[in-house]
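Inspection log for the structure reproduced underneath, given as structure tokens.
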Amino acid sequence: MTSANERARRPIRVLPPALAARIAAGEVIERPASVVKELVENALDAGAREIRVEVRGGGLTLIRVSDDGIGIPPEELPLACQRHATSKLPGDDLTQIRTLGFRGEALPSIAAVAELTLVSAADDSGVGRRLTLRDGAVAVDEPAPRPRGTTVTVRRLFQNMPARLAAAGRPQAEVALIGQTVRRLALAAPHVRMTLVVDERQVLQTSGSGDRATTLIELYGPALAGRLQPLGPFEVAGACISGLIADPEVTRPGRNQVHVIVNGRWTQPRGLLTTIEAAYRPLLPRGRHPVLVLVIETEPEKVDVNIHPSKLEVRLLAEQEIGRAAGELIRTVLGQRPRSLQLPAQADFDPLATAPLVAEESSTYDDDGPIVTPGLPPLRLIGQVQARLLLLEGSDGLYLVDQHRAHERILYERLKALHGAEREEPFVLPDPLLIELRPAQAARFSRRLDELAALGFRCEVFGSHTFLLRAAPPMPGVLPGLSGDALAALGQPDELLKTLLALADEEAAGETWKERLWVELACRTAVRRGRPLERPAMRALVEALGHTAAPAVCPHGSPLLLRVGEELIARTFGW
Ligand code: ADP
Ligand code: MG
């Protein structure tokens, strides 16, 4: 929105009750990503040119947002953490909101569910004030060295709230949401240099160039370079519409990359989105969506931002007119763009014949940015090859992943992690499985029951030589019905029982036997080669693989990851 030099600081004050009561209330802090959103919005409102976001443990351990904005004067720091205290509504007028925040609720809401530390300086003396709130009470209050700007640190989020903690997903899921949040905020503020660091690794950074196309490419990948067309600018109903749209062959399977930014706020105005979609629908393949950034600037009184607790939605008063005009702009650009063929001209080559093929290939190109994991470099998913390999792009070359062995590695580590540690609850099968054995086999199987239970396999004696398998370790992609399992039944669940039986007969004992069981189970139940995969499953596989201890080899020690290096490519082609 406004930059630091233009932004004059106004004093923080507690809103009068009547005004506070008119503010759309609701739970603002639902997940770690909501904390990130609120803190970055505060930094943007403070006119920051550089914002650094750091998270650890999916944001549940730590979230830190530092900015070089106008800062908070020391005497106002305690006030900033009070309910309905804000510097952004000086005139009591909810129709004149030019900032992202205005409710004075974020900091107190965060302080209620976490330990909150603010370090801020509002001048260039080099000294500011540090304030830590723990369980709602001041735990630290002291002067602290600090150049102008603010650092907010949130530790142990939701630790005092078991229900909210349980509702938060695995750290990697929270990190994905945080990444999405930061990308949206960064796209809405192209003049701000934004950095996201996850568990000490920088996962994204914008240059703060001020150029929207550059920012989009920095956030969503170089594949967009040279394929973005400007929209507008166009004046309608007192609003200025502008933006960017990618060439028609660059499409996405979901609406993830349809961005609408109203007065500097990334938002989802439902009515407008419907109108826009109706406009591009006939011009794009079925079920596909464009890469689109629509920027709308209008007078603050022509937008109602006070309709949604986390301010995700806004209502534009001239929604119909703006939507129609935006749709028209999009239709014109998409309709005029030729399907681009980036192929060398060849005499015996008919470009038209292959056009749909090329378009199809690029349209299946990556949608939600690189896959970032601790164990692998950031990788951009290209697709599946020969129904058995995943093809990915890293900054240093191409990567091939053997889908079967990748799944094997994931399952193996899951089973192993469950053993003893009991970090994951066994998955209770909707229908217990019946295991019938010959008497001698049954005797040997009974001796394994405790060991199997320690591995998460709950078997019960059901008859003289019959057993019931009631629960198994949560094996993603193998056991159907696991919630949030993007691999959904790709593996071989019927192999599970067979493996248990075969291994029960094994003579080996103790650790050797367990190791064999893990390896065999992983190998036999993992997704087969030859199985076509949907993109979410491919992403889930690579994501989970990157969180294993040895993402390059399967449990048998065979390679599963092949890199075709940039150097090799350059050397081969003699570039
Ligand atoms: P709101 O943003 O709705 O005003 P918050 O609880 O998020 O409410 O913040 C309260 C006040 O604290 C803000 O109005 C602002 O004056 C001050 N503040 C918070 N974060 C920052 C920051 N990063 N830089 C400068 N001032 C800040
Ligand atoms: Mg705020």
Side-chain angles (χ1 to χ4, degrees), residues 1-16 19-20 22-29 33-54 63-94 96-114 116-124 128-131 133 136 144 146-154 181 185 188-189 192 194 264-266 305-306 308-312:
M1 303 195 108
T2 331
S3 70
N5 14 12
E6 304 164 49
R7 181 156 303 260
R9 156 154 284 287
R10 298 179 193 274
I12 303 180
R13 59 166 188 151
V14 177
L15 296 179
L19 179 58
R22 279 175 29 225
I23 284 177
E27 205 40 77
V28 274
I29 306 302
S34 7
V35 174
V36 171
K37 173 170 185 285
E38 293 295 334
L39 297 182
V40 173
E41 287 190 348
N42 280 348
L44 291 170
D45 281 345
R49 302 306 301 249
E50 176 143 18
I51 300 175
R52 181 184 163 89
V53 181
E54 221 183 303
I63 296 172
R64 175 172 288 146
V65 176
S66 313
D67 69 59
D68 59 354
I70 53 175
I72 308 172
E75 66 281 4
E76 292 185 14
L77 209 50
L79 199 54
C81 307
Q82 274 187 36
R83 184 129 269 151
H84 300 309
T86 179
S87 56
K88 302 174 192 173
L89 269 186
D92 287 9
D93 190 349
L94 283 172
Q96 286 298 325
I97 292 166
R98 292 171 193 275
T99 46
L100 298 170
F102 54 88
R103 298 183 176 131
E105 286 196 311
L107 295 181
S109 306
I110 295 168
V113 293
L116 174 70
T117 298
L118 299 170
V119 183
S120 192
D123 58 26
D124 294 320
R129 179 173 175 183
R130 172 185 291 122
L131 192 66
L133 297 182
R146 162 84 232 191
R148 192 175 53 81
T150 305
T151 299
V152 182
T153 309
V154 175
T181 304
L185 289 157
V192 177
M194 193 106 58
R265 187 190 304 275
W266 190 100
V305 291
N306 187 28
H308 190 275
S310 53
K311 298 166 289 185
L312 254 182

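This chain uses plain numbering: 1 for the first residue, then up along the sequence. Counting starts at 1 for both ligands and their atoms, following the listed order. Just so we're clear, the structure is a prediction, and the values are computed from it rather than from any experiment. Only this structure's heavy atoms are used, side chains among them; waters, hydrogens and symmetry mates stay out.
Taking P16 as the reference, R13, L19, D92 meet the side chain to side chain contact (heavy atoms under 4.5 Å, CB included) condition, with sequence neighbours excluded.
Interatomic distance, CG of L116 versus CG of L133, reported as 5.5 Å (0.5 Å rounding).
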Tabulation required: pairs of a nitrogen or oxygen in ligand 1 and a protein nitrogen or oxygen under 3.5 Å; columns are atom names and distance to 0.1 Å; otherwise 'none'.
unit_1, atom_1, unit_2, atom_2, d
ligand 1, 2 (O), N42, OD1, 2.9
ligand 1, 2 (O), K88, NZ, 2.7
ligand 1, 3 (O), F102, N, 3.1
ligand 1, 3 (O), R103, N, 2.9
ligand 1, 3 (O), G104, N, 2.7
ligand 1, 4 (O), T86, OG1, 2.5
ligand 1, 6 (O), A106, N, 3.3
ligand 1, 6 (O), L107, N, 2.9
ligand 1, 7 (O), N42, OD1, 3.0
ligand 1, 7 (O), N42, ND2, 2.8
ligand 1, 8 (O), G104, N, 3.3
ligand 1, 14 (O), T86, OG1, 3.3
ligand 1, 14 (O), S87, N, 2.9
ligand 1, 14 (O), S87, OG, 3.2
ligand 1, 16 (O), S87, OG, 2.5
ligand 1, 20 (N), N42, ND2, 3.4
ligand 1, 23 (N), D67, OD2, 2.8
ligand 1, 24 (N), T150, OG1, 3.3
ligand 1, 26 (N), R9, NH2, 3.2

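Of all protein N, O or S atoms, those under 2.8 Å from the Mg ion (ligand 2) number 1.
Under a 3.5 Å cut-off, the side chain of R64 and the backbone N or O of V152 do not form any donor-acceptor pair. Formation of a donor-acceptor pair under 3.5 Å by the T117 side chain with backbone atoms of V154 is not found in this model. Side chain of R265 to main chain of L100: a donor-acceptor pair is present (N/O by atom type, distance under 3.5 Å, no hydrogens or angles).
For the residue pair D67 and A48, the shortest heavy atom distance occurs at CB-CB, 3.7 Å. Between V119 and A144, the closest heavy-atom pair is CG1-CB, 4.0 Å.
A side-chain contact (heavy atoms from CB on, under 4.5 Å) with V65 is found for one member of V53, V35, T151, T150 and no other, namely V53.
The list of salt bridge (Lys or Arg N to Asp or Glu O under 4.0 Å) pairs with a residue in residues 71-90, not counting sequence neighbours, reads R9-E76, D45-K88.
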